[in-house]
Enquirer: 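The structure that follows is given in the form of structure tokens.
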Amino acid sequence: MRYRNAVAAVLVVTCGPLLASCSSADDASAPASTDTSERSAPSTPPTSSAPSKSSPPASGDEAIPGFGAGPPGKGLGRFHDQRPDWVSCGDSGQTCADIWVPLDYGDPNGTAITIKAKLDPAADTDAKVGSLFINPGGPGGSGIDYLDRVKFGSAVTDVYDVVGFDPRGVATSTPVDCITDAELDAFVAADPSPDTPQEIAAMEDLWANFTAGCQDRSGPLLRHVSTVEVARDLDVMRSVAGDSDLFYFGGSYGTYIGATYAALFPERVGRMVLDGAVDPLARPLRSHIGQAVGFETALTEYLNFCVESESCPLGDDVETARDAVVDLLQDLDANPLPTASGRELTEGLGFLGVVLPLYSRATWPYLTQGLEYAINGRGDVLLALADAYAKRSSDGTYATNSLEVQSAVNCLDHPERASLDQIRSTSARFSKLAPVFGPVATWFAYGCSNWPVSRAEPLPDFSAEGAAPIVVVGTTRDPATPYRQAVKLAEVLESGVLLTRDGDGHGAYGSGNACIDEAIDAYLADNVVPEDGTRC
């Protein structure tokens, strides 16, 4: 999940019910140069999917693009029985299709929307187990993009068609849309920790414009992007794939999708891995505090790394270095820094620039360079990191609609109606527990305080009684989905099996820990369930 910045609309539900995706570290995976002269900001790889209003031709008279009548027939069965047209796309024989699902599962004969899926075929068709559906997190993460990034072991890719999908509302599926790219620029750059009446009023205006835009631009879809509905879509895709059981790998918020599926359809769970797990029962306030503390823990590890190096720009000990980060962000509130692009590094953008490199230990050198630049009066590197987090291109466009989707999903799944006084009352507690991240996390609740719609379906019982073993994976110093959330999810799921990685960064699989990778590969490929409580 991604860090939840309520003011900047980056609701990052601590990889739990209220945060967002945890795949952002892939956007900045190589250290930037540490040369002190003429340094350039880190480059970021392009993403392959962008928001699209396209879908199969609509046979109805729906006015909003991406909506249609759906497949022929009646009831929910018409969706389970559809045969999508898979066409060649990507490399190595990959194919793509649009899959119809009901806009409202309470009215399966009504309007339909589409889910985009991309399939990488199994290498050994004779040994094929089924289709492994994957999701990287978010809310708002693109499974289409994820398919081309995640590297499963050959034992897995031999026996599965690996299928990435963009959940409803996301990217190339029928998308949520709220504001223009120019408005999103202002939204992301806004003050994430307003502390004056004027700043609070500005925050209220930004959110009022955002929510009104979501209603105007997304229409009836806005009420139907809950995780319960995403899980129901996943069951349609399972049926379309011809599998009697669901095989699934989810990361970060993707674990919430998986846990919700298991709760709704426990008898259809095949092999399921939930990596970087979210606690589905956590109340919003606890999630907000937990994520702030998780990122503070990750920052402490980074600061230890920094001060032990020969050229840390923050000082010689951890607490001095932490104070320097606090001071920098506070200074940005009043005095944004210039950049070569002509844009300014505001406190909101600087905050995201600090957050992104904490997702992976491999990206810590980016953070050192960004902080050194900023201390010396230039915001270029932290701005590049913030843009990588937001998936913003240099031309001012955003590669996905993930920042808009996050709010839409989170406010349906875990609605909050906190007043300004209630929010202010948490400030001292948040700041004490997390000096750098607490002042921003204090305002996480505001994003859903005035959300205009409510979810169409209630949350299920997450015990998933009767499900096959589900492997829940947690990393001890995960910033976005703190480890205790994995422990909790494994306890909540009746068949949960806890697998622990002792390490830094968000997510365990593919992080360089052979013990973790081998255990997950053996489970997915051969149904060898790891012993509950295994640590790597």
Enquirer: Does the ring-ring contact (aromatic ring centres under 6.0 Å, His included) test come out yes or no for Tyr160 and Phe247, once each step is laid out?
Expert: CA-CA 9 Å; Tyr160 286 103; Phe247 305 101; 5.5 Å; yes

Enquirer: Under the side-chain contact (heavy atoms from CB on, under 4.5 Å) criterion, do Tyr398 and Asp185 qualify, and how do the steps go?
Expert: CA-CA 9 Å; Tyr398 288 79; Asp185 272 350; 2.6 Å; yes

Enquirer: Go through it in stages, so that I can follow the logic: the residues are Ile134 and Val163, the test is side-chain contact (heavy atoms from CB on, under 4.5 Å), and I'd like the CA-CA distance, side-chain angles, deciding distance and then a yes or no.
Expert: CA-CA 6 Å; Ile134 61 172; Val163 183; over 6 Å; no

Enquirer: Taking all heavy atoms of Pro139 and all of Asn410, pick out the closest pair and write down the distance.
Expert: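 Shortest heavy-atom separation between Pro139 and Asn410 comes out as CG-OD1, 3.4 Å.
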
Enquirer: With ring centroids as reference points, do Phe249 and Phe133 lie under 6.0 angstrom apart?
Expert: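 No.
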
Enquirer: Looking at Val176, is its backbone amide N or carbonyl O close enough to the side chain of Asn401 to form a donor-acceptor pair, meaning the two atoms are under 3.5 Å apart?
Expert: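 Side chain of Asn401 to backbone of Val176, a donor-acceptor pair under 3.5 Å: yes, one is there.
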
Enquirer: What pairs meet the disulfide (SG to SG under 2.5 Å) rule with one or both residues in residues 117-187, with sequence neighbours excluded?
Expert: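 Those involving residues 117-187 are Cys178-Cys214.
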
Enquirer: Answer yes or no: is there a donor N or O on one side and an acceptor on the other, between the side chain of Asp166 and the main chain of Gly143, under 3.5 Å?
Expert: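 A pair under 3.5 Å: yes.
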
Enquirer: Step by step, work out the side chain to side chain donor-acceptor pair (under 3.5 Å) result for Tyr256 and Asp413.
Expert: CA-CA 10 Å; Tyr256 190 53; Asp413 286 351; 4.6 Å; no

Enquirer: Is it the case that atom CD in Gln215 sees more than 12 heavy atoms from other parts of the structure closer than 6.0 Å?
Expert: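 More than 12 within 6.0 Å, yes.
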
Enquirer: Arg223 side chain to Asp104 main-chain N or O, any donor-acceptor pair under 3.5 Å?
Expert: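 Absent.
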
Enquirer: Would you give the length of the straight line joining atom CZ of Arg168 to atom CD1 of Ile113, rounded to the nearest 0.5 angstrom?
Expert: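 Atom-to-atom, Arg168:CZ and Ile113:CD1 are 4.0 Å apart.
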
Enquirer: Are Leu412 and Val453 close enough, and set up right, to give a side-chain contact (heavy atoms from CB on, under 4.5 Å), and what steps lead you there?
Expert: CA-CA 8 Å; Leu412 291 182; Val453 295; 4.0 Å; yes

Enquirer: Arg78 side chain to Pro71 main-chain N or O, any donor-acceptor pair under 3.5 Å?
Expert: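 A pair under 3.5 Å: yes.
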
Enquirer: Before you tell me yes or no, could you show the steps for Thr534 and Glu531 under side chain to side chain donor-acceptor pair (under 3.5 Å), namely the whole-Å CA-CA distance, both residues' side-chain angles and the distance that decides it to 0.1 Å?
Expert: CA-CA 6 Å; Thr534 297; Glu531 183 178 351; 5.1 Å; no

